[in-house]
Amino acid sequence: MPVPVPVPQQRDVPAAETSHGGDLTVLVIEDDPAGSITGPELSAAAGTRVRIRTARNLTEAGRLLTDDVDCILLDLALPVPAGSTGAMSTTAASTTAAPGAEHRPEPAPGRADELAVLTHVLRIAPLHAVLVLTAQDDTELAAEAVRVGAQDYLFRGELDARVLSRAIRYAVERKRADLAQHQLTESGLRAQENARLERGLLPTPLLEGSDLSFAARYRPGRSRALLGGDFYDTVRTPDGTVHAMIGDVCGHGPDEAALGVELRIAWRALTLAGLCGDRLLSTLQQVLEHERQSEEIFATLCTVDIAPDGRRAGLCLAGHPAPLLARHGRPARLLPYEDGGPALGLLPRARWPRRQVELGGEWSLMMYTDGLIEGRVSAGSSQRLGQDGMVAMVNSRLEQGLAGEDLLEAAVAEVRERHGGELTDDVAVLLLGRDPERIRRRGRSASRPGPVSTAPAAAPAANAQRPPLYGP
């Protein structure tokens with residue numbers, strides 16, 4: 001008769017995290033009183049002791065199955081009593097949705113009854129290593145048990161302390177490796193889904209038919225994220241006006257990123273519906289107040305609407321840094337910001353005046369979030385770059401002849417280099433520009449006659465537009 005073994009005290013470490021070289025606890029489930037596993041423990045090589053705990057049926061096993069059990073040794077000949085599915089312990093019941101349990105293979109046709117006890121144990125103990133005991137002449141059943149989910153099998157007639165201890169250590173290590181691989185796979189799949197989702201949430205500028213150039217750079221402050229609380233967008237309305245916006249939701253988490261996406265989508269919809277200036281920002285504030293998680297959440301915003309001729313613009317600031325304007329032959333300077341209103345979400349009945357700005361014939365307009373100016377001037381310094389430092393940095397790059405994508409790439413890279421590494425805040429920068437010479441070249445190219453065709457000319461579409469232009 002098996003020697004009774006006291007139940008060891010439970011511990012908080014899951015079975016799959018048993019350390020190398022530590023003592024192991026095995027729960028033996030068999031109904032043979034004269035079974036070969038009768039001692040309280042087995043001595044093993046490398047100083048590892050294997051403690052034995054025995055159960056004669058699944059009901060008793062459910063009570064003895066605790067977190068400190070590292071491996072289960074199961075006799076496949078054990079019957080499954082009626083109603084045993086409810087006899088699991090509280091600890092086991094809490095782990096029925098363990099990683100990989102939903103993907104476990106079903107037994108082959110004709111083997112379900114023979115493996116019923118195994119499938120039950122795998123269901124109540126998904127985090128434990130399982131060894132099965134079977135008759136020596138039934139290797140097919142043993143192999144099927146491994147396919148269904150057991151880590152290994154042993155024959156009843158070949159059991160000795162050395163074989164058993166080695167098989168137990170192997171099963172525990174294999175279970176740990178299986179769980180780690182499954183968690184790694186799940187983590188990779190989640191990362192891929194998140195990346196696809198975040199890429200889909202980044203804006204696609206709608207500038208078809210515009211003569212303005214466009215460039216943008218975006219760097220989230222969250223580690224391993226593609227999307228942060230900063231947001232931007234650019235659209236051209238049917239009257240030829242180009243609308244641009246950049247904003248920043250306070251905070252850096254996924255909730256702030258989601259709110260930023262909601263505000264960007266709302267801005268695009270409202271802009272295409274004809275709203276502008278104070279009316280648009282007032283409506284956006286209502287959206288923010290309904291969607292934010294707490295009343296402390298606010299967002300800064302800068303909007304620009306550029307006239308169809310590209311020579312003047314309307315500017316609205318809601319607690320946001322003023323854009324940087326560089327005219328041909330002149331150093332870049334900040335646009336006036338004295339008439340700006342508060343950030344969205346701070347004052348219930350706030351107003352945001354729209355200021356008229358003269359742009360000229362050839363210019364570049366840079367809009368940015370505060371992550372670009374809050375980096376430090378050098379590693380280890382407490383001084384921030386600030387708007388004045390940013391203006392000087394951009395002017396230096398303009399003197400080198402940089403423009404468009406190259407200008408933004410160089411500016412963001414320099415800010416990171418000065419800061420001494422990755423910036424802690426989100427950074428969004430967009431650059432709109434007008435180059436009369438490039439516009440004339442495009443006009444000449446469009447008016448150049450093509451090959452003569454004998455086919456009847458198709459009537460031009462009333463809304464035909466030039467393809468979008470995203471860079472200089």
Side-chain angles (χ1 to χ4, degrees), residues 205 207 212-219 230-234 242-248 300-307 310-341 343 352 354-377 383-419 423 425-435 470-472:
L207 287 173
L212 302 184
S213 61
F214 172 86
R217 281 292 179 272
Y218 191 91
R219 284 183 178 272
D230 291 3
F231 54 99
Y232 67 89
D233 203 357
T234 308
V242 172
H243 302 259
M245 170 273 294
I246 195 165
D248 182 1
T300 66
L301 203 70
C302 169
T303 68
V304 172
D305 54 281
I306 303 170
R311 293 179 173 273
R312 61 189 184 281
L315 171 66
C316 286
L317 295 175
H320 199 87
L324 188 66
L325 176 65
R327 293 194 180 101
H328 178 64
R330 302 182 189 178
R333 63 177 181 86
L334 294 172
L335 290 180
Y337 51 86
E338 293 83 3
D339 297 332
W352 294 272
R354 177 177 174 274
R355 186 184 185 111
Q356 191 76 11
V357 177
E358 293 297 325
L359 300 177
E362 184 176 352
W363 49 267
S364 293
L365 183 69
M366 190 175 86
M367 305 168 68
Y368 54 93
T369 56
D370 59 6
L372 188 68
I373 59 178
E374 289 186 350
R376 304 190 184 279
V377 294
Q383 182 181 352
R384 305 287 183 178
L385 178 64
Q387 287 181 294
D388 292 340
M390 180 199 65
V391 172
M393 178 187 69
V394 170
N395 279 324
S396 174
R397 297 296 181 176
L398 289 172
E399 291 173 1
Q400 298 173 10
L402 298 184
E405 299 276 356
D406 294 337
L407 175 62
L408 295 189
E409 189 68 34
V412 174
E414 182 175 343
V415 169
R416 290 180 59 227
E417 182 179 355
R418 290 189 179 194
H419 186 73
L423 300 169
D425 198 3
D426 305 326
V427 176
V429 192
L430 66 87
L431 187 68
L432 291 167
R434 185 177 188 272
D435 183 353
Y470 297 123

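- Ser364 meets the side chain to side chain donor-acceptor pair (under 3.5 Å) test with no other residue; sequence neighbours excluded.
- Arg355 pairs by the side chain to side chain contact (heavy atoms under 4.5 Å, CB included) definition with Pro336, Glu338, Asp339, not counting sequence neighbours.
- With sequence neighbours excluded, no residue satisfies side chain to side chain donor-acceptor pair (under 3.5 Å) with Asp435.
- Residues forming a salt bridge (Lys or Arg N to Asp or Glu O under 4.0 Å) with Asp406 (at least two apart in sequence, or on another chain): none.
- Under the side chain to side chain donor-acceptor pair (under 3.5 Å) criterion, Thr300 pairs with His320, not counting sequence neighbours.
- Counting only distance, with no hydrogens or angles, the side chain of Trp363 and the backbone of Gly310 share a donor-acceptor pair below 3.5 Å.
- Every residue meeting the salt bridge (Lys or Arg N to Asp or Glu O under 4.0 Å) condition with Arg312, not counting sequence neighbours, appears here in chain and number order: Asp309.
- Remark: Arg327 pairs with Leu325, Arg330, Arg333, Glu358 by the side chain to side chain contact (heavy atoms under 4.5 Å, CB included) rule, at least two apart or across chains.
- Applying the salt bridge (Lys or Arg N to Asp or Glu O under 4.0 Å) criterion to Arg418, with sequence neighbours excluded, gives Glu414.
- Applying the salt bridge (Lys or Arg N to Asp or Glu O under 4.0 Å) rule to Asp370 yields no partners; only residues at least two apart in sequence or on another chain are considered.
- Residue pairs meeting the side-chain hydrogen bond (donor to acceptor under 3.5 Å, both in side chains) criterion with at least one member in residues 383-394, sequence neighbours excluded, are Tyr368-Gln387.
- For Glu417, there are no side chain to side chain contact (heavy atoms under 4.5 Å, CB included) partners, not counting sequence neighbours.
- Inter-residue side-chain proximity for Asp425 and Thr369 is flagged as unmet; no heavy-atom pair is nearer than 4.5 Å.
- Shown here are the side chain to side chain donor-acceptor pair (under 3.5 Å) partners of Asn395, two or more places apart in sequence or in another chain: there are none.
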Working note: Val415 + Met390, criterion side-chain contact (heavy atoms from CB on, under 4.5 Å); need CA distance, chi angles, decisive distance, verdict.
CA-CA 9 Å; Val415 169; Met390 180 199 65; over 6 Å; no
